[in-house]
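So you know, we letter chains A, B, ... as the sequences are listed, proteins then strands, and number each from 1.
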There are 2 protein chains.
Amino acid sequence: MKSEFNFRERCHEYGLAATHQRLVIYETVRSLHGHPSPEIIYAKVRKKLPSISLATVYKNLHTFIASGMLREVSLHRGSLRVESNQEPHHHLVCTRCRSITDLDEEGIDPVRLRHKLPPGFLVSRIAVDVLGVCPKCSGRSRNSF
Amino acid sequence: MKSEFNFRERCHEYGLAATHQRLVIYETVRSLHGHPSPEIIYAKVRKKLPSISLATVYKNLHTFIASGMLREVSLHRGSLRVESNQEPHHHLVCTRCRSITDLDEEGIDPVRLRHKLPPGFLVSRIAVDVLGVCPKCSGRSRNSF
DNA sequence: CTAGATGCAAACAGTTTGCGTCACT
DNA sequence: AGTGACGCAAACTGTTTGCATCTAG
């Protein structure tokens, strides 16, 4: 199986044990469409591995994300945050510590859309996140973006 | 107080009672810097209103966000989501139902940065969210973006 | 006066942790 | 053989809900 070979290779690259559970979790994510949650992934993985635990799914999703084998939809998950800055602005986000800094709008050219959006979708604004590693975090540790 | 006047006006505009708690919560958010969480806001509001409850803070933050008086940092909060689509892409996000659709990268001009970023910040990529109201949601109901 | 707002406590959902056992390398 | 992964259950965090009481309009 080609993708399994690729999987083992990438695990080796990051010093991860290529366990059966990991393989199934990884291939399940790739087989799902959209932006699946841990629960959804767990439900599908369970069909192949009925005794797997949800904790294992969580641990491995984090492992994959930290290694760069998978990406999360947004770094802004977690608790609710409100904007105290009421001016239009964008965000500079550290992929390691998740800190957020405001970037005023003029520093970024207005984003232009050349998309055929779904008919009837009413665009209200465009949010830009500049992702990377902040000065404080550019010491050691793994990737995560 | 000018800002209080403005507050009462905006509440009236949305049919919200201009309670003392609401005023303090609103002004507290405006007085904080960055991207405060409900707990942080609660802690500061409590100094003026020692008997306020955390539930009231939550309820009112939601009220303000739904009315457009405040904005949340990201629509992607909540549970962890992973990308099943491994190609570089952007997102089309509905501000009402929070559904996410992928937009392939070519439909959006590469974003150019003209910012003086904090020295030492290493940019890895730029994420664009096109926000608006999806066809399914453009029936009734309030704003929230 | 009355609809809607507050405060409290209990319930919830999603996620993490500690620990004994098991399996890659 | 040893380090790291697994599975389980319990703990936690952030958030929501139901309900009795209060208050702005």
Side-chain angles (χ1 to χ4, degrees), chain A residues 4-5 7-26 28 35-43 45-46 48-67 69-70 72-82 98 142 144, chain B residues 4-5 7-26 28 35-43 45-46 48-67 69-70 72-82 98 142 144:
Chain A
E4 170 166 351
F5 174 71
F7 171 80
R8 302 185 74 87
E9 211 172 38
R10 296 192 74 179
C11 282
H12 187 250
E13 188 182 336
Y14 292 109
L16 304 175
T19 66
H20 187 41
Q21 287 90 332
R22 277 192 181 144
L23 174 62
V24 175
I25 292 168
Y26 184 74
T28 297
H35 314 90
S37 66
E39 287 285 352
I40 293 290
I41 295 162
Y42 176 54
V45 167
R46 249 185 150 178
K48 290 201 167 179
L49 255 41
S51 68
I52 201 170
S53 83
L54 181 56
T56 298
V57 172
Y58 270 101
K59 286 169 187 166
N60 282 311
L61 291 178
H62 288 140
T63 302
F64 290 144
I65 290 165
S67 75
M69 285 176 68
L70 290 179
E72 53 186 321
V73 168
S74 169
L75 292 163
H76 302 301
R77 65 187 177 72
S79 95
L80 174 64
R81 296 306 183 87
V82 301
R98 294 175 184 249
R142 288 231 152 274
S144 70
Chain B
E4 173 168 351
F5 174 71
F7 172 79
R8 302 185 74 87
E9 210 172 39
R10 295 192 75 181
C11 282
H12 186 250
E13 188 182 335
Y14 292 108
L16 304 175
T19 66
H20 188 42
Q21 287 90 333
R22 276 193 183 144
L23 174 62
V24 175
I25 293 168
Y26 184 74
T28 297
H35 313 90
S37 65
E39 286 286 351
I40 294 291
I41 296 163
Y42 175 55
V45 166
R46 250 185 149 178
K48 293 202 164 180
L49 256 39
S51 68
I52 199 169
S53 82
L54 181 56
T56 297
V57 172
Y58 269 101
K59 285 169 188 167
N60 283 311
L61 291 178
H62 288 140
T63 302
F64 290 144
I65 290 166
S67 75
M69 285 175 68
L70 290 179
E72 53 187 319
V73 168
S74 168
L75 292 162
H76 302 301
R77 65 188 177 71
S79 95
L80 174 63
R81 295 307 182 88
V82 301
R98 293 172 186 251
R142 289 230 152 278
S144 72

* Between atom CD1 in A/Ile52 and atom P in D/dC8, what is the gap in whole Å? -> 10 Å

* Are side-chain heavy atoms of A/Leu80 and B/His62 found at a separation under 4.5 Å? -> yes

* **Nucleotide C/dG7, atom P - distance to CZ of B/Arg22 in whole Å** => 11 Å

Show the distances under 3.5 angstrom between N or O atoms of the protein and N or O atoms of nucleotides 12-14 of chain C.
none

* Between atom CG in A/Leu61 and atom C1' in D/dC6, what is the gap in whole Å? -> 15 Å

* So what does B/His12 touch, heavy atoms closer than 4.0 Å: a base, only the sugar-phosphate, or nothing? -> nothing

* Nucleotide D/dT15, atom C1' - distance to CD1 of B/Ile65 in whole Å -> 13 Å

* Asked: Separation of B/Tyr14 atom OH from C/dG4 atom C1', in whole Å?
  -> 19 Å

* Structure fact -> By nearest-heavy-atom nucleotide on DNA chain C, the more 5' of A/Ser37 and B/Ile25 is B/Ile25

* Compare the minimum distances between each of D/dC8, C/dG7, D/dT15 and the side chain of B/Thr56, then state the nucleotide with the smallest one. => C/dG7

* Report the C-alpha separation of A/Tyr14 and A/Arg10 in whole Å, then their side-chain angles, then the decisive distance to 0.1 Å, and conclude whether the side-chain hydrogen bond (donor to acceptor under 3.5 Å, both in side chains) test is met. => CA-CA 6 Å; A/Tyr14 292 109; A/Arg10 296 192 74 179; 4.7 Å; no

* Check every strand shown and say whether A/Leu54 touches a base, only sugar-phosphate, or nothing at a heavy-atom separation below 4.0 Å. => base

* **Parallel, tilted or perpendicular, as decided by the 30° and 60° cut-offs, for the rings of B/Phe7 and B/Tyr26** => tilted

* Asked: To the nearest angstrom, how far is A/Leu49 atom CG from D/dA5 atom C1'?
  -> 13 Å

* Asked: What is the distance from CZ of A/Arg77 to P of D/dT13, rounded to the nearest Å?
  -> 16 Å

* **D/dG7 OP1/OP2 closer than 4.0 Å to side-chain N/O of A/Gln21** => yes

* Nearest-0.5 Å distance, OG of residue B/Ser53 to NZ of residue B/Lys59 -> 6.5 Å

* Under 4.0 Å between any heavy atoms, over every strand shown, what does B/Ser51 touch: base, sugar-phosphate, or nothing? Just pick one. => sugar-phosphate

* Structure fact -> Rounded to the nearest 0.5 Å, the CZ atom of B/Arg81 sits from the CD1 atom of A/Ile41 at a distance of 9.5 Å

* Structure fact -> The nucleotide from C/dT6, C/dC8, D/dG7 with an atom nearest the side chain of B/Ala55 is C/dC8

What's touching nucleotides 19-25 of chain D from the protein side, N or O pairs under 3.5 Å?
from, atom 1, to, atom 2, distance (Å)
D/dG25, OP1, B/Ala18, N, 3.3

* Please report, rounded to the nearest Å, how far the P atom of C/dT15 is from the CG atom of A/Asn60. => 15 Å

